[in-house]
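One-based numbering, in listed order, for ligands and for the atoms of each.
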Amino acid sequence: MKKINDVKYIHLDTVDSTNTYAKKIITNCDDIIVVYADCQTGGRGRLGRNFVSNNQKGIYMSIAFKSMYDNEYISRFTAYTSTIVSSVIDEVTNLNTKIKWVNDIYLNNKKICGILTESIIKDNSSYVIVGIGLNVLKQTFDTELTSKVTTLEDETNIKYNILELIEKIVYSFIINLHQMKTKEYIKTYKEKSNVIGKNVEVNISNNKIYGKAIDIDSDGELVIQTSDEIIKVFSGEITKLNIDNEQQN
Ligand code: BTN
């Protein structure tokens, strides 16, 4: 079990992507590495998207470590980390964030954080890189994004200290790691879901599935009631979500 003392922090002024940087160095380390940057020039989101990473306006960090988990655990880190970050935000803001399966955190119906988990294998060892992008301070987003994303400062009028938030998230990530085995985080993941009970359109490898999201199972799979069957989705993207009769893409 990893200990909080085993964490090595690496701060960069600017980098293409903290996930890419962490991937390059983690295979030579036994510690948990936290790479965080003031700014990313090529911040990456899921499905090849860009993640806006304006200078000193957010958390752009990657937690990387040699994995003592089976491969099947690796994708669970996205759900686990969502519950960790979501709970830390709730604790510091006294607000109630929601998790949009599988990797997005929402505050007041706008995206505030995204998580990108990657893994690499070298010399028969596997390494996990969990990337976290959290909008902290007010900033300008492209017109297309403005109505869909928010920042902690926009929602609270408080200028949170980015490094303090990073330390809180890393601490909580490590002290709760046992939940990866016990799957306790799934309870929180379900409670915080803004998807269960909603009609959804899910894109899975360019196939669209329509139905009602009725549950998230103990492996974090989304359970969907379609017009004629119940299916479980391990990975994909919810492209339409009916939240209180408002369409959110
Ligand atoms: C998403 O919204 O689809 C996931 C966004 C993940 C962004 C973080 S920022 C730190 C780390 N480095 C990256 O290039 N991406 C992740």
*Verify the distance criterion only: is there a donor paired with an acceptor across the side chains of Glu153 and Thr151 at less than 3.5 Å?*
no
*Among residues two or more places apart or on two chains, list those pairs meeting salt bridge (charged side-chain N to carboxylate O under 4.0 Å, His left out) that have a residue in residues 10-19.*
none
*Calculate, to the nearest 0.5 Å, the distance between atoms CG and CD1 belonging to Asp6 and Ile32 respectively.*
6.5 Å
*Checking Asn103 side chain against Ile115 main chain: does a donor-acceptor pair fall under 3.5 Å?*
yes
*So Phe173 and Tyr80, would you call those rings parallel, tilted or perpendicular, with 30° and 60° as cut-offs?*
perpendicular
*Tell me, which residues have any heavy atom less than 4.0 Å from some atom of ligand 1?*
Ser17, Thr18, Asn19, Gln40, Gly43, Arg44, Gly45, Arg46, Phe51, Tyr60, Met61, Ser62, Asn103, Asp104, Lys111, Gly114, Ile115, Leu116, Gly131, Ile132, Gly133
*Any chance the side chains of Ser126 and Ser119 put a donor and an acceptor closer than 3.5 Å?*
no
